[in-house]
Amino acid sequence: MGEPQGSMRILVTGGSGLVGKAIQKVVADGAGLPGEDWVFVSSKDADLTDTAQTRALFEKVQPTHVIHLAAMVGGLFRNIKYNLDFWRKNVHMNDNVLHSAFEVGARKVVSCLSTCIFPDKTTYPIDETMIHNGPPHNSNFGYSYAKRMIDVQNRAYFQQYGCTFTAVIPTNVFGPHDNFNIEDGHVLPGLIHKVHLAKSSGSALTVWGTGNPRRQFIYSLDLAQLFIWVLREYNEVEPIILSVGEEDEVSIKEAAEAVVEAMDFHGEVTFDTTKSDGQFKKTASNSKLRTYLPDFRFTPFKQAVKETCAWFTDNYEQARK
Amino acid sequence: MGEPQGSMRILVTGGSGLVGKAIQKVVADGAGLPGEDWVFVSSKDADLTDTAQTRALFEKVQPTHVIHLAAMVGGLFRNIKYNLDFWRKNVHMNDNVLHSAFEVGARKVVSCLSTCIFPDKTTYPIDETMTLCLRRAYFQQYGCTFTAVIPTNVFGPHDNFNIEDGHVLPGLIHKVHLAKSSGSALTVWGTGNPRRQFIYSLDLAQLFIWVLREYNEVEPIILSVGEEDEVSIKEAAEAVVEAMDFHGEVTFDTTKSDGQFKKTASNSKLRTYLPDFRFTPFKQAVKETCAWFTDNYEQARK
């Protein structure tokens, strides 16, 4: 691949995942600008835990910008079992991507953190300055530390070389193309899959945990638009939280009710309180985002849930599960 | 190398450094036990930032135990300039060593942290529960006993005495040596007010060997003199001046950074295990280190 056409060639790692697919859609629907050349890659193109493969990919693509979404991810129960792997694979991937980007002279890298990496013992709402203030929740310490180290590494690249490597911090993302696996996925796709199965088999919906923990959910298509804005306009090295406001936090029970309603489920809903609840809440402040974009409008939660349920039903065969 | 003779083959990475040399000396002076096969390696034997070289080393040595001391280290001013390199090279080395140890089935790994890594905004004294412990991941996922020690400021023979890049005590020793030779003043960087607990490398070496044999918690353990033995940089400079019989002027360049004001660590956990361990008195340890530097000036790292 030669010199980028126009002014930007944007390499998106993790391009086939939940957020990557959302960015692809938003760009294809018209959010791309003239002079922007978008290249979406996945594990088929390179194993990013392998330094040589990653470097070869970057040398071939020659990106001027990188959106780094690739990661080993999973829901509560998978994290609990595999903290070592979550740490090592993510640290390897992140170092390979950041350093290859640096070596090919990329002007900007936007990586992806998560509100689940913040200190477990904290005041609320959490904000961007608090990431490293204490140990993360024990359930996913491997993943959390690996993600925190992206921020450490960004600051080091800035301090030693002046690079603009930054990161965003979404809350709980959901949408089409998610991982709907009940054991390994996140709560909302897990609930959608469970309701689908409960409807087909005429059984009850069993929600894991008490239903009391609270979450802020962000629709992947909204996140995609914000990612593109960050890529173009946000130039701080300190990360930025991308989330609906605190007032839109819902309980797992309320989220389950939204799925039940969207999928027109009429069976029984029970709560298996022997299963772990995970963190009770992770309420994040989106004040920084609102300072930059006071008028950004998020898709209403119930509408976003409905669209996601419809996508899952229409794409059941090929959906990741 | 075949099966370890007797019960333990201990691989020591960073074997040529300040702490590695101290452990070598202590073992050679009789602290080794029958059945212990000690193998000291350095960067000459393998580049530990390279995964393949590290794995080859571990497959050749087949350790049952590892003391992991190798690291990219430096004093305040070098760290300020090269945070990226300090991060990347150490992460690579640590991951290569821990994972190679895991892959060859080592029973125990003791790594080396530092009190300089603790939270800046904190209550004092700092203790072990404040650490972020990734050895927990190996324990949680596989049940391995990978643990770590946390020394305070280490000094002794075979240190890096480079004034720009080294730590404060060897820096002061080198500076006094030069000031004596040239008849000039000793200029201490900073105000002299920050406080540190210093631990002599030979004392640390004895404690490392005890940890290797007897300490089986995954949570790390601070290895340090007590809080009451914390001294100011000014007092440390005075100890060097006295040990080297320097009579010139001593000034403080307050335009230079002080670094952290203090990092006072608790050695309560150590004292619970070893109530009777005796540290070499600070002035005696400083005197021995100064004498070593003067006697070995040509070949000392500087």
Side-chain angles (χ1 to χ4, degrees), chain A residues 49-52 78-103 117 119-121 129-146 148-163 165 237, chain B residues 47 49-55 72 74 76-103 109 117-123 126-146 218-220:
Chain A
T49 64
D50 181 295
T51 307
R78 187 162 178 231
N79 268 276
I80 287 175
K81 280 171 78 170
Y82 297 112
N83 271 295
L84 178 68
D85 295 346
F86 274 93
W87 161 256
R88 293 193 75 236
K89 294 210 180 298
N90 283 315
V91 167
H92 290 170
M93 261 193 268
N94 297 337
D95 183 60
N96 288 336
V97 169
L98 289 179
H99 210 62
S100 295
F102 169 73
E103 287 178 329
I117 72 177
D120 183 35
K121 305 268 181 293
T129 65
M130 295 160 71
I131 298 174
H132 304 282
N133 282 359
H137 194 260
N138 199 51
S139 59
N140 65 338
F141 72 87
Y143 175 86
S144 295
Y145 282 130
R148 288 183 181 198
M149 293 308 112
I150 291 178
D151 179 58
V152 168
Q153 205 159 344
N154 285 346
R155 287 189 276 136
Y157 276 105
F158 179 71
Q159 192 224 46
Q160 199 166 322
Y161 294 111
C163 307
F165 288 5
V237 173
Chain B
D47 174 359
T49 64
D50 182 294
T51 307
Q53 286 193 42
T54 309
R55 191 176 294 130
M72 177 177 171
L76 173 66
F77 297 94
R78 188 164 177 230
N79 268 274
I80 287 176
K81 278 171 80 170
Y82 297 110
N83 270 297
L84 179 68
D85 295 346
F86 273 93
W87 160 254
R88 293 191 75 237
K89 294 209 179 299
N90 283 314
V91 166
H92 290 169
M93 263 193 269
N94 297 339
D95 183 59
N96 288 337
V97 169
L98 288 179
H99 210 63
S100 294
F102 169 73
E103 287 178 329
V109 179
I117 69 176
F118 277 83
D120 182 34
K121 307 270 183 292
T122 184
T123 55
I126 50 190
D127 65 43
E128 295 84 350
T129 63
M130 301 169 172
T131 57
L132 333 171
C133 188
L134 279 145
R135 281 148 309 285
R136 276 197 284 139
Y138 278 100
F139 180 74
Q140 190 221 51
Q141 199 166 325
Y142 296 111
C144 309
T145 306
F146 289 5
V218 174
E219 186 191 74

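As the structure is a prediction and not an experimental result, all values here were calculated from the model. Here is the naming used below: chain letters follow the sequence lines, and residue numbers restart at 1 for every chain.
Ranked by heavy-atom pairs shorter than 4.5 Å toward chain B, the options A:Val91, A:Leu98, A:Val152, A:Asn83 are led by A:Asn83.
With a 4.5 angstrom heavy-atom cutoff, A:Asp85 touches chain B via backbone and side-chain atoms both. Neither the backbone nor the side chain of A:Phe86 comes within contact range of chain B; no heavy atom of the residue lies under 4.5 Å from a heavy atom of that chain.
Contact between A:Asp95 and B:His92 at its shortest, heavy atoms only, is OD2-NE2, 2.6 Å.
Panel note: side chain A:Gln153, backbone B:Arg88; no donor-acceptor pair is recorded below 3.5 Å.
Surrounding CZ of A:Phe158 are at most 12 heavy atoms belonging to other residues, nucleotides or ligands under 6.0 Å away. Surrounding CZ of A:Phe102 are more than 12 heavy atoms belonging to other residues, nucleotides or ligands, all under 6.0 Å away.
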